Each structure stands twice: as C-alpha cells, then as structure tokens.
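Note that the structure is predicted; figures quoted are calculated from it, not measured. Ligands are counted one by one from 1 in listed order, and the atoms in each one are counted from 1 as well.
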Amino acid sequence: MRTRSLALVALTTAGALALSACGGGREGTADDAAAGAADGFAEDAVIGVSLPWLGTQNWAEAESMFTAELTDAGFDPLVQAADNKVTQQQQQIEAMIERGAEVIVVGPIDGTQLGSVLERAAAEGIAVIGYDRLIENTTGVDGVVQFGSIRTGELQGQSLLDGLAARKGEPPYYVELFGGGPADPNAPSFFEGAMSVLQPKIDDGTLVVASGQTDFTQAATPDWDNAKAQARMDSLLSGFYSSDEIDGVLSPNDGIARAIMTSTEQAGQAIPVVTGLDAENESVVSVWEGEQWSTVAKPTQDLVARTVELIQALQQGEELPEPDESVDNGQKDVAVYLLDPVVVTQENAEEVFAEDADRLALLQ
Ligand code: BGC
C-alpha cells in the first residue's frame, strides 16, 4: 500500500475502513451502513452515474461505457453529465436518490461541493463511489476509483524533460507551466506531481520559466477551458517570448496541449515540446505525426470496468475490497482504488495501444 503526502493517513485495520457500502439497506440505518451491514441488493437495481461534463474525450467515453457495461451486467443505469455546473450536478444526484439508486458513481465538478447531497444519499443507505476524481470534505463517500493523480503529474513532468532533451538540444530550456481547473481535485495533484520533477531543474537552471509563473494558482486553467489556456498562452508568448523561442510547455491534458500548440503556431514559433493527458484521438494522431510530444493514457475502459466490479461486489452483499491507499478527504479516510497511468510517445504508441483497436487504427 502506498501513502500519499500529508493528506494521507495510514490504514489502521481493515475494520477501520469498513465501508458504508451498504447497498440494500434502504430500510437500514446510517449506522448499519457505516458498519458495513451489507445485504446486497437486486440484480437489476438502478445505478446512478453522475459525470461532471462531456468536454473531454474521457468523460464522453465514460458516459457510453457505463451505460453499456451496467446494462450488460443486468443493472438499470441512469447516467448523466452536468455541463460543469455544480447546481445541475447536485440536482441530478438528488434525482438519482429519488429514483431509488442503490449505488451512485460520481465524478465531481467541484470536489468540495457535494457534501450535503451525498450525505443524504449515505443516510438512505446508498453507496457512493468517486470516479476519476476524489470527493472532498464529506462523509458521504465510500471509495474512489482513479488513476494515481500525483503519479500522472510525475509522468508529465518527466516526459517534458525527456522531450526537451530529445528535441531541443542543450539546456537551458525555456518552458511555461499549465495546470487544470482548480475546482477539480486532480488538477493541483497533477501539478504537484509534475513540479516534484521540474522544480529541481528550475532550481539548477536547466529550465527557465521566463514568466516566473510557477505556482498552481498562476498556472491553473479555470474550468479546464481550452480557450482560456490558449488566451493565457497568447499573452505569455507576446509578453515573454518575443526574442527567445519557447522550448516546452507542461500541459495537464490533451485539449489544453492542442490549444497551446495552436497559440505557438499562430505566433509563428516552432512547435514546443508539449505534454498531455487522456490519449484523446486528435492528440494520439498528433503524437504519432511528431507534433505533440506526449500524452498520458488512463484508459476509460479500465476505470469503468474497475468501478463496475466494485458495484457487483456491493450487489452481492460483499464489502468493498482492500484499497490500494487511503486518503483523508477532510472529513474521513476514503478508500482509493488506483490504476496506473502510462506515458505515450511516438516511440511506444503502437505498444501502448496494442489492445485498443480504435486508437491503434489512428496510427497510420
Ligand atoms: C481528468 C482528465 C480530464 C480533466 C478535464 C480530470 O479530472 O482526470 O482526464 O482531462 O479532468 O476533463
């Protein structure tokens, strides 16, 4: 088991984690639920899935894969996406409670804004599973399934360094840093992971951030909005790169990576080394053609499959399995089920996508 930064607490006993994954206890009390008094629930139960938006490929994939896989498993899926609006997501979760969902899977827009609605769900004996993003500051969450977010950032940081060495000659390298949407708990973790690799290279002069914008708050991209990232890149280029060319950019995902490359192209600069995340189709093609340096694959099918396995365990009346780590979300220690992200470059793309026919077909 791994432990994560200060926010992490060691698991004491498996019992300490006895999850409120209670399933069937609609008539059971919250205390029964917390004690893991699981009786299972109907094989065709309603399962709610609340996604934050469909603005990046991974969430659109999650929408169709959850619908298909929950249906195949015999459940009655209610899958919705909330267009990045917190109130809309709260209302969708309310409606899932009303519909009698036994489990609600949530990818939160804002990790901290679902406390009361999820505590209501928990009090009704509904199990809540965080999907891809941590749910913070509430007791109403039983477990989270995600790709390691600090690990993802470390991979992005290391990949930026590797790309600079491969494509941009000798240091020093001029770079700029971008983060994701600050409400998403993944975004500061991606940045923290990346900076654990990059900060020592800034300190020793290998990397120069001409803007000096090295804090997450300066680098963040509100709402993960590609247009906002492109506008920031435009002003970084006109403000700091009129004489020196930019060599590389840390990008937290593929949409932002493409926005950054559009901006440098419009400024008449050579393509910098740019990282990414999600292995979106357009970026897989770009990596394959030698433009975007790298992306990080976190296959949606694996994340959805792991989540459905947990739902099936709950349906059978089992407790959730031993987690890979436990994280303090501000109110409780949450069980985290971790998958491993993988860096994709032109060099290893065929190997990484060997089992992914759709992406493999993009490598022409
Ligand atoms: C996900 C990324 C995605 C981003 C924006 C993050 O929480 O982990 O896969 O690109 O949200 O949608």
Side-chain angles (χ1 to χ4, degrees), residues 49-66 81-86 88-89 105-114 129-136 141 144-156 159 178-194 216 219-230 250-260 274-284 286-287 292 294-304 306-307 327 329 336-344 356 359:
V49 179
S50 170
L51 302 172
W53 69 327
L54 301 176
T56 51
Q57 190 176 328
N58 62 306
W59 297 111
E61 288 172 344
E63 183 187 46
S64 56
M65 288 175 185
F66 268 120
D83 198 23
N84 253 341
K85 296 189 178 69
V86 172
Q88 194 174 328
Q89 184 163 45
V105 175
V106 184
I109 295 161
D110 182 326
T112 63
Q113 294 297 313
L114 296 175
I129 301 177
Y131 172 84
D132 191 278
R133 300 176 173 179
L134 180 64
I135 303 173
E136 298 166 295
V141 53
V144 173
V145 186
Q146 64 176 177
F147 285 84
S149 49
I150 298 279
R151 178 70 189 138
T152 299
E154 290 167 357
L155 292 175
Q156 291 172 325
S159 180
F178 281 70
D184 170 2
N186 281 338
S189 296
F190 293 158
F191 197 77
E192 181 187 330
F216 175 71
T221 306
D223 309 317
W224 286 99
D225 182 338
N226 300 342
K228 290 177 185 154
Q230 191 167 329
L250 175 76
S251 166
N253 79 354
D254 284 345
I256 292 176
R258 295 193 300 271
I260 288 165
V274 184
T275 60
L277 174 68
D278 292 335
E280 293 198 346
N281 292 353
E282 256 187 273
S283 285
V284 168
S286 179
V287 168
Q292 185 173 327
S294 66
T295 181
V296 173
K298 49 191 272 292
T300 306
Q301 61 268 29
D302 296 349
L303 207 57
V304 169
R306 186 74 178 119
T307 309
V327 65
N329 79 346
V336 182
Y337 300 91
L338 276 182
L339 282 75
D340 271 335
V342 180
V343 175
V344 186
D356 182 340
R359 285 182 175 79

I need the atoms of ligand 1 closer than 4.0 Å to a non-hydrogen atom of Asn186, numbered in the order shown. 6 (C), 7 (O), 8 (O)

Closest to atom 8 (O) of ligand 1 among Leu54, Asp254, Asp132, Leu277 (heavy-atom distance): Asp132

What atoms of ligand 1 come closer than 4.0 angstrom to any heavy atom of Trp53? 12 (O)

Atom 6 (C) of ligand 1 [closest protein heavy-atom partner, distance rounded to 0.1 Å]: Asp184 OD2, 3.2 Å

Given 3.5 Å as the limit, does a donor-acceptor pair link the side chain of Thr221 with the main chain of Gly179, or not? yes

Does the residue Phe147 have a heavy-atom contact with ligand 1, meaning some pair of atoms that are separated by less than 4.0 Å? no

Are Gln57 and Asp278 close enough that some pair of their side-chain heavy atoms sits under 4.5 Å apart? no

With atoms numbered from 1 as shown, which atoms in ligand 1 lie under 4.0 angstrom from a non-hydrogen atom of Asn253? 5 (C), 10 (O)

If you scan protein heavy atoms around atom 11 (O) of ligand 1, the nearest is Arg133 NH2, 2.9 Å

Which pair of non-hydrogen atoms, one from Pro341 and one from Phe147, has the smallest distance, and what is that distance? N-CD2, 3.6 Å

Smallest separation among heavy atoms of Asn226 and Gly255, with atom names: OD1-C, 3.3 Å

Close-contact set for ligand 1 against Trp59 heavy atoms, below 4.0 Å: 11 (O), 12 (O)

Touching ligand 1 at all, Gln146? Heavy atoms, strictly under 4.0 Å? no

Among Thr300, Asn84, Asp278, Leu51, which one has a heavy atom closest to atom 3 (C) of ligand 1? Asp278

Taking only Lys NZ, Arg NE, NH1 and NH2, and the carboxylate oxygens of Asp or Glu, determine whether Asp340 and Arg151 approach each other closer than 4.0 Å. no

Only heavy atoms of Lys298, strictly under 4.0 Å: list the atoms of ligand 1 that pass. 1 (C), 2 (C), 8 (O), 9 (O)

Is the side chain of Gln156 donor-acceptor paired with the backbone N or O of Phe190 at a distance under 3.5 Å, no angle test? no

Thr295 and side-chain hydrogen bond (donor to acceptor under 3.5 Å, both in side chains): which partner among Thr275, Asp254, Asn253? Asp254

Drop me the distance from Asp302's CG to Arg306's CZ, to the nearest 0.5 angstrom. 11.0 Å

